[in-house]
Structure formats: C-alpha cells, structure tokens
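Proteins come first, then strands; the chains are lettered A, B, ... in the order of their sequence lines, and each starts at number 1.
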Number of protein chains: 2
Amino acid sequence: MPEYERMLAANEEWARDFQGGLPVAPARKVAVVACMDSRMPLFPLLGLAVGDAHVIRNAGGVVTEDTIRSLTISQHVLGTREIVLVHHTDCGLQKTDDASFADLVEQATGARPPWPARTFTDADEDVRESIRLLRESPYLVSKDICGTVYDVETGRLHRVDPDAGA
Amino acid sequence: MPEYERMLAANEEWARDFQGGLPVAPARKVAVVACMDSRMPLFPLLGLAVGDAHVIRNAGGVVTEDTIRSLTISQHVLGTREIVLVHHTDCGLQKTDDASFADLVEQATGARPPWPARTFTDADEDVRESIRLLRESPYLVSKDICGTVYDVETGRLHRVDPDAGA
C-alpha cells in the first residue's frame, strides 16, 4: 500500500470527532519557522493547539525568499506578530556541503541545481544567521524573534542568544 | 508573557517523557508539502508518528524554488520517495490577490515586495498546478505525488485528480 493511502485512512479517524469553526488568523499571533525534520511534531513539542500558530517549514528551517513571503503574508494578511525559529541537532544539512550536494544531484539526475542547499555546521550560528536575515527584511512589520535549537535526543529546546559570538 | 515563553514551558513537559534514538532519514520515506495554516496539525491529521515523514510548509503549500530545494534534499540526502501535498479550504491566500497584497505591504512598510504572494482562487486547481511544477523539476528522482485538499470545517482530506479539468 502506498503511504498516501495509509495517510488518507488515518485522516478518516482524525475527522471522526472533528470540531471546525476556527478562524483563519492564528489565535496566538505567532509564526513558527522550523526545519522539515521528521522528528519534530511541532504542535505537541511547543504546546500548540489547533488554530494557534502558523507553521512554516523547509530544509534547515532557514530564511529564504519563500520564508519571507510566508512571514509577510502571516503578518500583513493574518495578523501574527511573534516569530519562533526551531532548528535542531543532527540535521541532514550538517551531513553534506553545498558543492557535494550539487555533485550528488547532478550524478543522479544529470541536472546541477543552481541554488545552494544551505548546508551549515553549527546549529546555534545558523539560528543567528536566520535572525540577521529576518531583521534585514524590509517587508515585516514585527521583528519580535525567538531563536531556538531542538535536541532530537532529549526533546528539549534551548534558546539561542542572537548576539553571542558576534 | 510572550508566546515563546509559553512554548518553552510547554516544551519542558514534552521533554519529560521523551524517547530519542531515531535516525535522521524518515521511516516512511515520505515528504509532505502543506500550507502553513494554523488549523492543520499534520502529524495527527495524517496519522504520522515521530520520525515518519518530512514536513515542508509555506503560505499556500505552493511549489517554489525553496520547496524544490527542500524536496531535492529530502530525496537525494535522506531517501524519501513519495510526495503528499496538503492544500486546504478557507486559505488566507484566497482572501487577497497578488497586486492588493503588494499594495498592502507597501502601504505598511514603504517597501513593495518584488515576489508574488502566490494567491489563488480554486484549491483543487492550485494542487494541480503544484503537481505540474513538481513533474517539471529536473532535480527530483521520484515524482510519486498525491495531491489533497483539507476541509477545515470537517477535518477531512479529499484527493485531487491531477488530470481533471486539463
């Protein structure tokens, strides 16, 4: 059975006792930006209820043009005011580098990506880089940012000092 | 209290009974691409356990260069082979259009975004557009894609026929 069929069957269970009626704007006015890593179920991990916060995720939880697009919509159209970043230990992007990644893709597909993978070595420093990029953006109305790193072995978040090591 | 402090306190609870030891590669070899909407807790909604699937989310759940970057890493570095798309009813991106959004941001910040918001009108058609963009990408090794729309009032997903209306 393809995985999507298992997911559609599981969704039947989810829908059985479902309560709708929530508004589109997040109740707690927060947008979370996190890595796509499979070990981070963000709702229970952060104590979020359905309807509480936007959740933006990509490889690394990095700040790209698409992250800025999503946050700009989140703030201007849907009223969020805080941003919480969640990077994590043991990330796939720490296991390669941009050139090796481009080689790997080119060898498998014949096409070399023109965009960088956005690999990194130090998770805390990568969070600080994200905070710097958000602070530089001219499109956001609120720059109230908390950067964190999640430890996949302990389940614990630690907050990153945005100005450490600067 | 800022929302991030509530989240860090909730995370203490999450970490209390935590079991680590999961590998970085997703167990079910799936990457989910979904909208950032606050009403979609994807793990329970799709029956996912911790460690099962990558979760990529942005405004609309649309396919951008960053979505392709994340999926290319997911497939080439971390071995996923299926892609599940989750768009939804009552999306914030159905409540504006690209020009009005750019006006709104410019009026509030003085800066006009050079990138489109990626607004849409029909959720099923937007899923089909995402499938088309994924099929066109030269960087992915697997194009095994299931597109769905989530109904925020019933909690139910329906599968989108990728070739309907073509």
Side-chain angles (χ1 to χ4, degrees), chain A residues 2-4 6-8 10-11 14-15 18 20 22 24 26 28 30 36 38-39 41 43-47 50-59 64-66 69-70 72-73 76-78 82 84 90 92 96 104-105 108-109 111 113 115 117 138-139 141 146 152-157 159, chain B residues 2-4 6-8 10-11 14-15 18 20 22 24 26 28 30 36 38-39 41 43-47 50-59 64-66 69-70 72-73 76-78 82 84 90 92 96 104-105 108-109 111 113 115 117 138-139 141 146 152-157 159:
Chain A
E3 292 300 331
Y4 75 79
R6 283 179 62 194
M7 294 184 191
L8 290 171
N11 172 253
W14 165 260
F18 189 78
L22 291 174
V24 62
R28 287 170 62 180
V30 183
M36 68 181 178
S38 66
R39 294 163 295 182
F43 281 71
L45 194 157
L46 296 171
V50 177
D52 270 355
H54 281 142
V55 182
I56 298 158
R57 304 184 66 166
N58 64 23
T64 64
E65 182 178 282
D66 196 44
R69 178 186 68 88
S70 297
T72 304
I73 292 163
H76 289 268
V77 181
L78 297 163
E82 281 186 56
V84 174
D90 189 41
T96 183
L104 182 72
V105 176
T109 65
W115 32 261
Y139 310 114
V141 281
C146 172
V152 297
E153 289 309 320
T154 66
R156 201 172 289 272
L157 288 169
R159 190 171 183 192
Chain B
E3 292 299 331
Y4 76 80
R6 283 179 63 195
M7 293 185 193
L8 290 171
N11 173 254
W14 166 261
F18 189 78
L22 290 175
V24 63
R28 287 170 60 181
V30 182
M36 69 182 177
S38 66
R39 295 164 293 181
F43 280 71
L45 194 158
L46 297 172
V50 178
D52 270 355
H54 282 144
V55 182
I56 298 158
R57 304 184 66 167
N58 64 24
T64 64
E65 182 177 282
D66 197 43
R69 178 187 68 86
S70 297
T72 304
I73 291 163
H76 288 269
V77 180
L78 297 164
E82 281 185 55
V84 173
D90 190 41
T96 183
L104 182 73
V105 176
T109 66
W115 30 262
Y139 309 115
V141 281
C146 172
V152 297
E153 289 309 321
T154 66
R156 200 172 289 271
L157 289 169
R159 190 172 183 192

Would you mind checking which part of [X] comes under 4.5 Å of any heavy atom in chain A, side chain (CB onward), backbone (N, CA, C, O), both or neither?
{"X": "B:Thr64", "answer": "side chain"}
{"X": "B:Val84", "answer": "side chain"}
{"X": "B:Glu3", "answer": "both"}

- Task: Could you pull out all residues at least two apart from A:Asp52 that satisfy side chain to side chain donor-acceptor pair (under 3.5 Å)?
- Result: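 With neighbours one apart ignored, the set is A:Arg28.
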- Message: Holding to side chain to side chain donor-acceptor pair (under 3.5 Å), I want the full list of residues that pass it with B:Tyr139, two or more places apart in sequence or in another chain.
- Response: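 Expected list: none.
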- Message: Let's go through A:Asp66 and B:Arg69 carefully: what are the C-alpha distance in whole Å and the side-chain angles of both, what is the deciding distance for side-chain contact (heavy atoms from CB on, under 4.5 Å) to 0.1 Å, and is it a yes or a no?
- Response: CA-CA 11 Å; A:Asp66 196 44; B:Arg69 178 187 68 86; over 6 Å; no
- Task: Could you grab the distance from atom CD of B:Glu82 to atom NE2 of B:His54, nearest 0.5 Å is fine?
- Result: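 So the CD of B:Glu82 and the NE2 of B:His54 are separated by 14.5 Å.
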- Message: Would you compute the distance between atom OG of A:Ser70 and atom CD of A:Glu65 and round it to the nearest 0.5 angstrom?
- Response: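 Here the interatomic distance stands at 10.5 Å.
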Can you tell me which of [options] forms the most heavy-atom pairs within a distance under 4.5 Å of chain A?
{"options": "B:Met36, B:Arg156, B:His76", "answer": "B:Met36"}
{"options": "B:Gly92, B:Ala10, B:Pro113", "answer": "B:Pro113"}
{"options": "B:Leu45, B:Leu8, B:Asn58", "answer": "B:Leu45"}

- Salt-bridged, A:Asp90 to A:Arg39, with N to O below 4.0 Å?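 Counted as a salt bridge, because a side-chain N and a carboxylate O are separated by less than 4.0 Å.
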- Message: Please find the pair of heavy atoms, one from B:Arg159 and one from B:Cys146, that lie closest to each other, and give the distance.
- Response: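 The answer is NE-SG, 3.4 Å.
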If you tally heavy-atom pairs under 4.5 Å against chain B, which of [options] wins?
{"options": "A:Ala59, A:Ala53, A:Gly20", "answer": "A:Ala59"}
{"options": "A:Leu78, A:Thr96, A:Val77, A:Thr72", "answer": "A:Thr72"}
{"options": "A:Pro44, A:Gly47, A:Gly51, A:Pro26", "answer": "A:Gly51"}
{"options": "A:Thr109, A:Ile56, A:Val50, A:Val24", "answer": "A:Val24"}

